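Please read the structure below before turning to the comments.
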Amino acid sequence: MKIGLGKIKDALIGGTGKNTGAEKKEQNVEKNEPDRVEEIIMKSNTAEQKPENEPERVQESVLEKESMVPADRTGAGKTGLIFFPAFDWAISPTHPEREERLLYTRDQIFEEGLMDLPQIAEYKPRLADYKDIARVHFCVPDIKAQATTPHLIAAGSCLVLADALMKGEIKNAFALVRPPGHHSMTVAHGNRGFCNINNEAILVEYLRKKYGIRRIAIVDTDVHHGDGTQEIFYNDPDVLFISFHQDGRTLYPGSGFMNELGGPNALGRTINIPLPPGTPDEGILYVLDSLVMPILEDFKPELVLNSAGQDNHYTDPLANMRFSAQGYAKLNERLAPDMAVLEGGYAIQSALPYVNTGIILAMAGLDYSCVKEPDFKPGMFVQAARDRQILEGVVAAQLENWKNRDRLVEAEKAKHGDFYRRKKQIFYDTDMIQEFQEEKVRMCPDCQGYVTIDSRAHSSINDTRIFGVSIPIYACSQCQAKAREEYEIRLNSPEYEYIYLQDKKADEYRAYNTRMKQETIY
């Protein structure tokens, strides 16, 4: 399946891959509280593999009490890569989301010699800690039930590359990992859209806690709306979420419309771009140049992350778009993300090897002009005039929303009292779970406010009700105190099976099992 990389072959230099692993974090031990029947400390496997008295580990835990300062990357010349095909995880043997998604890509890239290029550095994956997961999710009943070892490795691989990026070892990075994650929301009752935990969101909160990064932009290029990532950051004005995807009226998950602009404190920080089915390279690149890039330039993020779904490709079996490998490479070159994380893409032979090769070359600043699918012919897909008019209308409307975002926030905040409430219904298509949520956000004048979620999940096996309290990392002291008080009060509420506390400011995460009267600390 060689595609011939022409000029790149002449640049091959052997032995340049760099294998590193991010250090593992020591968990803080909490004191027992008298009103708990039992309190336990949960660590992931990585945290348990080394002796507790190891000097290097003690030193690291002391250093990580404060944010680390990101290194200067201006002199870095390499693109960091991690491959993790997750051999031992699949929804079913014939499911579209299976290990072959990355095996064909790996064979292609090694066959072409990309891993021997001096511009590429390969890193080894590691497991994410349970604390990294708890920083983002309320996993029901617990993290172990929702995040298998492959999930922890996929998320941990992103954190390895984040560390390399922040230390200035590489200029950018691409995590070629599975399982994907962008449909996973704050509450995780099971698998939906092939996702259990959200790799991109875990990456964002890790960067914030460890390196003090605040303003982050996420550009989701998957053909399916990134509803999970949107929901997690919907009330966060410091995270700009942009998603272009096939129109939700024609494709799962049936969301991602232009009126989904963010919560009251973050209106205009969510930008959805529904695309007509059949949109080719021309249309997607028009949206990128006319809407995405101007907004990014205005927002001035410290980092740009790409949820790099590849199911916009014209051969993908689960969607109806007309994007090519060349289109993906051009998109990546213009977007220039600091880091890309693989999401969807299910044409495992006809698309993924070519698309991933093109993206890697574009990120490395190398010539990708010869990366083409065997059946691709320039001009084979043309943008319909009617669809171009639709795209022009979307661009104009979203540019206006972005321009007026601060005025929209003030107008919306005036409509609410002390709390903003919204109700949601969420369907887990893989595990056949129907969830009903009520979200409540404190309308704080000093910060973005804490969030509570009352969630009921109905399945064929059992029904579960949980209550979660989430304190943002930049919460004011008053919101932090009030939120922790809500958690304590709910511990005595018999209608809930599980109560969760997510204090990102203190980096403390608790889960209370009301039936067993057991509190788990992550």
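Since the structure is predicted, the reported quantities are computational estimates derived from the model, not experimental observations.
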Taking ring pair (Phe, Tyr, Trp, His ring centres under 6.0 Å) as the test, write out the residues that go with Tyr496, two or more places apart. Phe467

Check the pair Asn198, Ser184 against side chain to side chain donor-acceptor pair (under 3.5 Å), reporting the backbone distance first and the verdict last. CA-CA 5 Å; Asn198 194 309; Ser184 180; 5.5 Å; no

My understanding is that only residues two or more places apart in sequence, or in another chain, count here; which of them pass salt bridge (charged side-chain N to carboxylate O under 4.0 Å, His left out) with Lys482? none

With sequence neighbours excluded, what pairs up with Asn404 under the side-chain contact (heavy atoms from CB on, under 4.5 Å) test? Glu400, Arg407, Leu408

Residues that Asp463 engages under salt bridge (charged side-chain N to carboxylate O under 4.0 Å, His left out), provided they are two or more places apart: none

Please confirm whether the ring centroid of Phe174 lies under 6.0 Å from the ring centroid of Phe83. no

Decide whether a cation-pi geometry holds between Arg135 and Tyr509; the criteria are a distance under 6.0 Å from NZ or CZ to the six-membered ring centre and an angle within 45° of the ring axis. no

Under 3.5 Å donor-acceptor pairs involving side-chain atoms of residues 252-262, not counting sequence neighbours:
unit_1, atom_1, unit_2, atom_2, d
Tyr252, OH, Gly193, N, 3.3
Tyr252, OH, Asp429, OD1, 3.0
Ser255, OG, His225, ND1, 2.7
Glu260, OE1, Gln230, NE2, 2.9
Glu260, OE1, Gly256, N, 3.2
Glu260, OE2, Gly256, N, 3.1
Glu260, OE2, Phe257, N, 3.1

Taking atom CD as the centre, does Glu438 end up with more than 12 heavy-atom neighbours from other residues, nucleotides or ligands that are less than 6.0 angstrom away? yes

Contacts of Phe323 meeting ring pair (Phe, Tyr, Trp, His ring centres under 6.0 Å) (sequence neighbours excluded), chain-then-number -> Tyr328

Pairing residues for Asp247 by the salt bridge (charged side-chain N to carboxylate O under 4.0 Å, His left out) criterion, not counting sequence neighbours: Arg249

Residues that Thr452 engages under side chain to side chain donor-acceptor pair (under 3.5 Å), provided they are two or more places apart: none

Tyr522 six-ring centre to Arg510 NZ/CZ under 6.0 Å and within 45° of normal: no

Would you mind telling me which of Asn235, Val409, Asn401 makes a side-chain contact (heavy atoms from CB on, under 4.5 Å) with Leu267? Val409

Once side-chain contact (heavy atoms from CB on, under 4.5 Å) is applied, do any residues pair with Pro150, and if so which ones, sequence neighbours excluded? Phe84, Ala86, Asp88, Trp89, Thr148, Pro179

Within residues 143-155 or reaching into it, pairs that qualify as salt bridge (Lys or Arg N to Asp or Glu O under 4.0 Å) - sequence neighbours excluded: none

With side chains defined as the heavy atoms from C-beta onward, is the minimum distance between Met339 and Asn306 less than 4.5 Å? no

Partners of Arg456 by salt bridge (charged side-chain N to carboxylate O under 4.0 Å, His left out), sequence neighbours excluded? none

Any salt bridge (Lys or Arg N to Asp or Glu O under 4.0 Å) pairs touching residues 182-204, not counting sequence neighbours? Arg192-Asp227

If I compare all heavy atoms of Asp132 with all of Ile202, which pair ends up nearest, and what's the gap? O-CG2, 3.8 Å

